[in-house]
Amino acid sequence: MTETIELALKTLEAQLNQPLETALEACARCGICAEACHYYRAEPKVEHIPAYRAEQLRNVYRYEHDFISRLFPVWTRAKKLDETTLANLTEIAFSQCTLCRRCTVNCPLGVDTPLMMRAIRAMATAGGTAPEILVMLADAAIEKGNDPSFYKEMFLEQIADMEKQLRDITGDENATIPVEKQGAKILYVPLAGAHTILPPAVVFNAAKEDWTLSIFEASNYGVFLADVNRAKQVAKRIVDEANRLGVEEIVISECGHAYSCYRWDVPNWFAGQFDFKVRSLIEVLAGYISDGKIKVDPTGIPGSVTYHDSCNLARNGGLLEEPRYVLKSIVRDFREMTPNKAEALCCGGGGGIVALAEYAERRIAAGKPKADQIKSTGARTVVAACENCRLQIGDLNEHYNLNIHVTALTDLVVQAMRLPKPLPGMEAEHLFEGEQVEAPR
Amino acid sequence: MTETPKLTLDFKGLLCPMPVVKIAQAIKQVQVGELIEAIATDPGVMADIPAWARSTGHELVTLEKQDKIFKFVVKRLK
Amino acid sequence: MLIFQLLALAGLAAGLFGIYLRYAETKRRALPIDKSPVKGNIPHGIAYAFTTGMMPWAKESTRIHLIAYLRGIGFHIGIFAAIGTVILSPLRGFLPPLLSSTLFWVLILGALLGAAGGVMRLAEHNLRGLSLPDDHFAVWLTTLFIAVTGLGLVFEAFVVPMYIVSAVTFAYIPLGKIRHCLYFFFSRTFFGKFFGRRAVFPHPEPLK
């Protein structure tokens, strides 16, 4: 047995807890999960049925754990793990499953196929067969946490520039973007890049919030690798920062996997050192609107708008009603996709696949059901509260000629705040280009 | 800088993590010791590219901001 | 007759013991304790998983495959009715005629639905691709079990076959695919805990 296989099997054993063994044992292979998967919808073939993908891991599990399978492997297609099988498993878990859990909610037994795909991802990461880009992105993030000094100066310069832009947009000379503010109530964790800092800064300033900006980004590629060790190291940067600043709450940018990570995983990884409330920026927006902390024009967005439920935020995160509350507060013509909320279709951009150029063609093909769904709403603006979803829907827009504008929820809220100047790229003529809309009242 | 970059790349409009993904792919296309020059518009590169260089063992030769453009040069070291 | 009854009983005991061993094996494994703050309601999530969430209209998949789902439900009703019938079989001469004939038709229908499932596994491209030899064997064995149990209620000639097939079926439960009956309970419980905690199921009310 090679070291790769040994490590992969050891990782499988280490993960084999009650939920994983249940997922491995419960499937009756009835196949009605097929259409739940966007890969199957885009290209209906046996290999794209979630149960079939899970079977590839079950074959290995049975060989290791089921004596009937050991005696008569042909009876259950049991298979000893080898390099070829591990390569096949790796490919399946990283390029044919976005961990969206749509199959789970559609399974009469509730089989958690993504849990098995995560188990494979962890096996692949341990065995060294996981996509190197994801490993590299996770390691780069850990490096930033080890010594933020090498980029902090540049980061602060960038924030100073952004502050000028903020004042220009809001017309408020006192608007600020505080960084590392000791004792602030909220630590806001953005993604890398101005587009997830400037719009929330507008909102926080308007709401007169006591907040501070994190010097780290929320995304966590360790999660996509299902490598808890790396994922914890990436998350520790934020946990330490929150502890150091003494904040009450961590607010996560519009990012599906980061919300899922900090809201649902981090409290388990750092039990005892983590008593912060974690909210998504979406919940904060809903709260500000409902409490009247920010003023929005209920007809501020005159064009047709639809909302894409990120799987990590909605089906796996429970943020089903909050974004709709926000949108209905500002949009005149809101159109739901069908199906939506817990039954929403994955856009095909989850699970880290947007960073994997080698699977781009497959990703775009698997996004076809989402593209069709968007098209059938007839809406010209698609709101997605997750960066990976926005990247994917942007690519779908280009590939399938959807002629849509893809935006974050916060950007649209800022638009409805009727400030002296719009955010970059959110000029009304650009946002509603070619659409017959009434002028905002 | 006296050496001429082997590759010149344009990452304008690309958001995180795409500049890092692209540079990681591009570094395999040059020989050890050769340079890649790139420009980007996402300010995230100011942290991400140095972090990528440190974690992968390549050299970040320069990284500068020119108006709204971020220009950087990396050298393949292994 | 007694010897065949004892054979069926031995099969049942072996099956139950095997299922217990499986249960103990799974319970021996770690159960992660989720410390993330609850957003929804875990007991409601679990209740949903076993009740409303099992309704044919609750899931897109069962709405699309309504016939197949109902076929499966009918087949499983047949299985549980057959198990009950075998257990009650020493009293079969004393059963009220209405109960006997109802059981008979439930079992015959269950067996027909089981056979339909067996044929679908062979005929339908996706199902054939998914199915293991174990799956084919399990569906036909269970179908045979339901059928002979039904016939055994009415025809004396089928009583001995009923006990023999029962013994084999019961003993096979923990060995192959049929053991999903145990994991169904684990799986739906984990489902309910997960989605209940996160306020996904039961569906939350719109915010006002």
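Throughout, protein chains are lettered first and strands after them, A, B, ... in sequence-line order, and every chain is numbered starting at 1. Keep in mind it's a predicted model, so treat the numbers as computed, not measured.
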* Structure fact -> What one should report as the nearest heavy-atom pair of A/A192 and B/G44 is CB-CA, 4.0 Å

* Of the backbone (N, CA, C, O) and the side chain (C-beta and beyond), which part of A/I133 lies under 4.5 Å from a heavy atom of chain B, both, or neither? -> side chain

* Please flag which part of B/M18 lies under 4.5 Å from any non-hydrogen atom of chain A: side chain, backbone, both or neither. => side chain

Between chain A and chain B, which donor-acceptor pairs sit under 3.5 Å apart?
{"residue": "B/K28", "atom": "NZ", "partner": "A/E132", "partner atom": "OE2", "Å": "2.4"}
{"residue": "B/D48", "atom": "OD1", "partner": "A/K144", "partner atom": "NZ", "Å": "2.5"}
{"residue": "B/R54", "atom": "NE", "partner": "A/E143", "partner atom": "OE2", "Å": "3.4"}
{"residue": "B/R54", "atom": "NH2", "partner": "A/D147", "partner atom": "OD2", "Å": "3.2"}
{"residue": "B/K65", "atom": "NZ", "partner": "A/D161", "partner atom": "OD2", "Å": "2.3"}

* To do: Can you spot which of A/L137, A/L191, A/L134 makes a side-chain contact (heavy atoms from CB on, under 4.5 Å) with B/P17?
  => A/L137

